[in-house]
Amino acid sequence: MVNSPVVNTYPLSNYTFGTKEPKMEKDTSVADRLARMKVNYMKEGMRTSVEAILLVQEHNHPHILLLQIGNTFCKLPGGRIKPGENEIEGLRRKLCSKLAVNSPNFQPNWQIGECVAVWWRPNFETIMYPYCPPHITKPKECKKLFIVHLSEREYFAVPKNLKLLAVPLFELYDNVQRYGPVISTIPQQLSRFQFNMVHS
């Protein structure tokens, strides 16, 4: 029998959350975002984005840290990497920009683990698939989700215009309406992992 990979999850109360200057969204609407994606595609080709699954525990159940914009839209921390940039280094850079204090001496120890999901955007539309449809030869975006192992204690600096939420897996599961297809399927992607609930 193959052993499941183990993920240590620490209590949410182990982590300290502060604030930093706002990180404004580049687009005010979905249409703006897709238009900007089109412009970038013409210049650089397919967009590659990387996102982090950061796990904590509360009430003995795994929770994922999500950034909330406004009152409704949630996203995983991460974003687009530069053409030719290494995915792991790109994700580290994005995590620091989204959740670390602006000081090189206080950077969290981002231990980036394996890629647990790959999503494809075939066209300049909001819809993404966990496979690239066979008739699509030039997909517009490839998004990869990585599990990031958190240290026992960390300090996160959250941009003032965003909220960092700890959302339980049971709330995400199958909740496409609230979280969209990428985030709502994370519980299935994590089902092969064994969660070691560390109480410290």
Side-chain angles (χ1 to χ4, degrees), residues 12 15 17-41 46-56 58 61-82 87 90-100 102 108 110 112 115-130 139-148 150 154 156-190:
L12 181 59
Y15 301 101
F17 301 93
T19 58
K20 63 178 179 177
E21 72 284 350
K23 197 131 191 79
M24 303 319 285
E25 288 293 305
K26 290 189 178 122
D27 312 298
T28 52
S29 71
V30 172
D32 287 354
R33 183 165 172 264
L34 294 172
R36 186 168 58 90
M37 200 180 275
K38 208 172 212 169
V39 170
N40 286 337
Y41 180 82
M46 185 184 74
R47 169 190 171 104
T48 302
S49 52
V50 287
E51 295 182 343
I53 298 172
L54 304 171
L55 285 153
V56 297
E58 183 95 302
H61 184 75
H63 286 53
I64 288 174
L65 297 180
L66 295 177
L67 286 165
Q68 186 180 32
I69 304 156
N71 292 323
T72 51
F73 183 69
C74 287
K75 66 178 188 176
L76 292 163
R80 180 171 74 108
I81 59 173
K82 297 168 184 169
E87 290 170 355
L91 183 53
R92 269 202 192 98
R93 177 177 62 78
K94 285 290 178 184
L95 285 171
C96 287
S97 128
K98 296 277 190 328
L99 291 174
N102 299 334
W110 307 114
I112 297 169
C115 176
V116 296
V118 179
W119 288 80
W120 299 89
R121 188 186 305 276
N123 302 300
F124 297 113
E125 296 166 356
T126 52
I127 200 152
M128 293 189 86
Y129 299 95
K140 305 306 179 265
E141 180 178 8
C142 176
K143 179 189 295 237
K144 296 186 178 183
L145 273 55
F146 290 85
I147 196 156
V148 176
L150 292 176
E154 289 292 2
F156 298 111
V158 184
K160 282 180 181 165
N161 59 319
L162 302 176
K163 286 182 200 147
L164 192 63
L165 308 177
V167 183
L169 289 189
F170 65 76
E171 190 186 316
L172 298 177
Y173 175 65
D174 213 20
N175 198 346
V176 181
Q177 206 171 354
R178 170 84 174 87
Y179 296 103
V182 175
I183 292 175
S184 65
T185 51
I186 289 174
Q188 289 95 309
Q189 290 147 10
L190 297 183

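Since this is a predicted model, take the numbers as computed values, not measurements.
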In sequence, state the C-alpha distance, the side-chain angles, and the governing distance for Leu150 and Leu55, and then conclude on side chain to side chain contact (heavy atoms under 4.5 Å, CB included). CA-CA 7 Å; Leu150 292 176; Leu55 285 153; over 6 Å; no
Residues Leu91, Val148; criterion side chain to side chain contact (heavy atoms under 4.5 Å, CB included); working and verdict: CA-CA 10 Å; Leu91 183 53; Val148 176; 4.3 Å; yes
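Here Lys140 pairs with nothing under the side chain to side chain donor-acceptor pair (under 3.5 Å) rule; sequence neighbours left out. With sequence neighbours excluded, the residues that form a side chain to side chain donor-acceptor pair (under 3.5 Å) with Lys143 are Glu51. When the side chain to side chain donor-acceptor pair (under 3.5 Å) test is applied to Gln177, no partner is found at least two apart in sequence or on another chain. For Arg36, the side chain to side chain donor-acceptor pair (under 3.5 Å) partners at least two apart in sequence or on another chain are Asp27. Every side chain to side chain contact (heavy atoms under 4.5 Å, CB included) that Val118 has, sequence neighbours left out, goes to Cys115, Trp120, Cys142, Lys144. For Tyr179, the ring pair (Phe, Tyr, Trp, His ring centres under 6.0 Å) test picks out no residue, with sequence neighbours left out. For Tyr173, there are no ring pair (Phe, Tyr, Trp, His ring centres under 6.0 Å) partners, not counting sequence neighbours. Every residue was checked against the ring pair (Phe, Tyr, Trp, His ring centres under 6.0 Å) condition with Phe73, not counting sequence neighbours, and none meets it. Judged as a side chain to side chain contact (heavy atoms under 4.5 Å, CB included), and not counting sequence neighbours, the contacts of Pro108 are Ala100, Trp110, Glu154.
Atom CD1 in Ile81 sits 5.0 Å away from atom CD in Glu87 (nearest 0.5 Å). Rounded to the nearest 0.5 Å, atoms CG (Leu145) and CD1 (Ile147) are 10.0 Å apart. Rounding to the nearest 0.5 Å gives a distance of 12.0 Å between CG of Leu169 and OG of Ser184. Expressed to the nearest 0.5 Å, how far CG of Leu190 lies from OG1 of Thr185 amounts to 9.5 Å. Going from atom CG of Leu65 over to atom CG of Leu12 covers 7.0 Å, rounded to the nearest 0.5 Å. Atom CD1 of Ile53 is separated from atom CD1 of Ile186 by 4.0 Å, given to the nearest 0.5 angstrom.
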Return all side-chain donor-acceptor pairs below 3.5 angstrom for residues 121-129, not counting sequence neighbours, or 'none' if the list is empty.
unit_1: Arg121; atom_1: NE; unit_2: Glu141; atom_2: OE1; d: 2.7
unit_1: Arg121; atom_1: NH1; unit_2: Glu125; atom_2: O; d: 2.7
unit_1: Arg121; atom_1: NH1; unit_2: Thr126; atom_2: O; d: 3.4
unit_1: Arg121; atom_1: NH2; unit_2: Glu141; atom_2: OE1; d: 2.9

Let me have the donor-acceptor pairs involving side chains of residues 156-167, under 3.5 Å, with sequence neighbours excluded, atom names and distances please.
unit_1: Asn161; atom_1: OD1; unit_2: Lys23; atom_2: N; d: 2.9
unit_1: Asn161; atom_1: ND2; unit_2: Lys23; atom_2: O; d: 2.9

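Proximity of Leu99 to Leu54: side-chain heavy atoms (C-beta onward) are separated by under 4.5 Å at one or more points. Between Arg178 and Cys74 there is a side-chain heavy-atom pair separated by less than 4.5 Å. Here the side chains of Leu67 and Leu76 are not in contact, with every heavy-atom distance at 4.5 Å or above.
Residues Val116 and Gln189 come closest through the heavy atom pair O-CG, 3.8 Å.
Applying the salt bridge (Lys or Arg N to Asp or Glu O under 4.0 Å) definition to pairs two or more places apart or across chains, those involving residues 68-80 are Glu25-Lys75, Glu44-Arg80.
Side-chain atoms of Lys98 come within 3.5 Å of backbone N or O of Gly78 as a donor-acceptor pair.
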